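One structure is given here, and the rest of the page talks about it.
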Amino acid sequence: MSFGRLVKRLKANGHHNVDSRNWREHWSDNWVVYADLIAFAARSTRSKHVVVNNIVRFHRSVSEAHKEAKHARLFQFTDAAFLVTPRLQAALSFAVTTQHQCLAHNYLAIQSGKPFFDHLIIPRVTIARGATLKIDNPQTPTPDTIGVSPDKLLAGSGIVHAYTLERSSSGGLITLRTRDLRRLRRRRFTGDKFSKTILNRWTSTGSDFLSQGDVHHVPWILFNPDPKNGLQLRGDSRESVYRKLETLFRVVDICFHNYRAFREPLSVSHHITGLERHLVEILEALRGHYGTQAQSFGSPEARAYVIQRQKENMPK
């Protein structure tokens, strides 16, 4: 088809005209969760087996997390996913469950006896609020939506806010802006006293606990992701929290070893240090130290020693 005929055809069917006023019903303010696998691009060039290993397990993790927020719209792509929901509770629950699902996969990979960094799925998750453009009734297209794929159309400031926020986050974290954290400060978490005390402190104080400038990181390992709780997040037990801490510190060690041994891209070191700092701050909070009081532990052995002592000495 010649270019002239193409222009005439487009003019005849009217698809070149877009009246933004007819799209008002498709705009709304929502919470957007963005989950993105770290280091996937570099892995994709090394092995097709690693691609399958990562993508299938990541998609399964996201799908399981979405089951608890079925009313929310999920847009899943190669190594990333967006969840759009009007409820902050659903956004937070999806983010927390996604991290737990990936951690469970990583735990089994480590237990297999041959853990490699390429086999670990470590998403960086952000939560933001803003305007989103999406077609809520994809089964009933209108003249204005003809030629548009509802399952792929996703745009607006909410998407941009969630995407750009990942610059202030790293693998293994859930990050949101301080202004959005304030929306959680009037609520109180329930569940095991061991965890809920720290969770309530995290949301109710203006300290720098788990903060970095204008952003805060969610202490998601303190939550119990039990599907029986629905979207209601509860504090997890002491035994479960320490088990997750030990697993995540093992993930950090594997990442750091592979970063040195296999010359991973420099960007990987950012994720390693970001996750380690987050875990150390939580570990210090479990000892009663918050924010700037958190100190680093010089070696995996030192961390293991501190965790073991706390497990033995803290009251159940």
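Remember, it's a predicted structure, so these values are computed and weren't measured experimentally.
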Where does the angle between the aromatic ring planes of W220 and H100 fall among parallel (under 30°), tilted (30 to 60°) and perpendicular (over 60°)?
-> perpendicular
From [X] [atom1] over to [Y] [atom2], what is the distance, rounded to the nearest 0.5 angstrom?
X: L108; Y: T247; atom1: CG; atom2: OG1; value: 9.5 Å
X: L275; Y: S170; atom1: CG; atom2: OG; value: 6.0 Å
X: R179; Y: H216; atom1: CZ; atom2: NE2; value: 13.0 Å
X: K196; Y: R234; atom1: NZ; atom2: CZ; value: 8.5 Å
X: L286; Y: T197; atom1: CG; atom2: OG1; value: 10.5 Å
X: I110; Y: F116; atom1: CD1; atom2: CZ; value: 12.5 Å

Would you name the heavy atoms of [X] and [Y] that are closest together and state the gap between them?
X: A72; Y: T85; answer: CB-CB, 3.7 Å
X: W31; Y: P86; answer: CD1-O, 3.6 Å
X: I122; Y: G171; answer: CG2-C, 3.6 Å
X: V51; Y: F40; answer: CG1-CZ, 3.9 Å
X: I127; Y: D180; answer: O-OD2, 4.2 Å
X: N106; Y: L120; answer: OD1-CA, 3.3 Å

Quick check: does any side chain N or O of [X] sit under 3.5 Å from a backbone N or O of [Y], one acting as donor and the other as acceptor?
X: H119; Y: N54; answer: no
X: Q76; Y: A81; answer: no
X: T178; Y: D214; answer: yes

Exceeds 12 heavy-atom contacts within 6.0 angstrom, atom OH of Y163 | no
Are there more than 12 heavy atoms of other residues, nucleotides or ligands under 6.0 Å from atom CZ of R177?
->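 Atom CZ in R177 is crowded, with more than 12 foreign heavy atoms closer than 6.0 Å.
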Check for me, please, whether [X] and [Y] land in the same ILVMFWY cluster - side-chain distances under 4.5 Å, paths through other members count.
X: F249; Y: I282; result: yes
X: F75; Y: F58; result: no
X: V125; Y: L154; result: no
X: L92; Y: L199; result: yes
X: L88; Y: L222; result: yes

Do the non-hydrogen side-chain atoms of [X] and [Y] ever get within less than 4.5 Å of each other?
X: L176; Y: T126; answer: no
X: I159; Y: L133; answer: no
X: F223; Y: D236; answer: no
X: D36; Y: E166; answer: yes
X: R250; Y: D253; answer: yes
X: L210; Y: H278; answer: yes
X: Y34; Y: L83; answer: no
X: I174; Y: H217; answer: no

Looking at D192 and R238, does any basic side-chain N land under 4.0 Å from a carboxylate oxygen?
-> no
Would you call E246 and R243 a salt bridge, taking side-chain N to carboxylate O under 4.0 Å as the test?
-> no
side-chain contact (heavy atoms from CB on, under 4.5 Å) evaluation trace for F94 with L74 = CA-CA 10 Å; F94 173 80; L74 178 65; 4.1 Å; yes
Is there a donor-acceptor contact under 3.5 Å linking the side chains of N53 and R57?
->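 Short answer, yes.
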Does any donor atom in the side chain of T132 or N30 lie under 3.5 Å from an acceptor atom in the other side chain?
->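 Yes - a donor-acceptor pair under 3.5 Å links their side chains.
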Full working for side-chain contact (heavy atoms from CB on, under 4.5 Å) between F77 and F82 | CA-CA 8 Å; F77 308 100; F82 285 98; 3.7 Å; yes
Given S61, S63, P123, the one that forms side-chain contact (heavy atoms from CB on, under 4.5 Å) with Q101 |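 Running side-chain contact (heavy atoms from CB on, under 4.5 Å) over S61, S63, P123 with Q101 returns exactly one hit, S61.
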Given the rule in the side-chain contact (heavy atoms from CB on, under 4.5 Å) test, do W202 and V218 qualify, once you have shown the distances and angles that lead to the verdict?
-> CA-CA 9 Å; W202 170 65; V218 180; 3.8 Å; yes
Apply the test side-chain contact (heavy atoms from CB on, under 4.5 Å) to residues S237 and F194: give CA-CA distance (whole Å), side-chain angles for both, the deciding distance (0.1 Å), then the verdict.
-> CA-CA 7 Å; S237 67; F194 171 78; over 6 Å; no
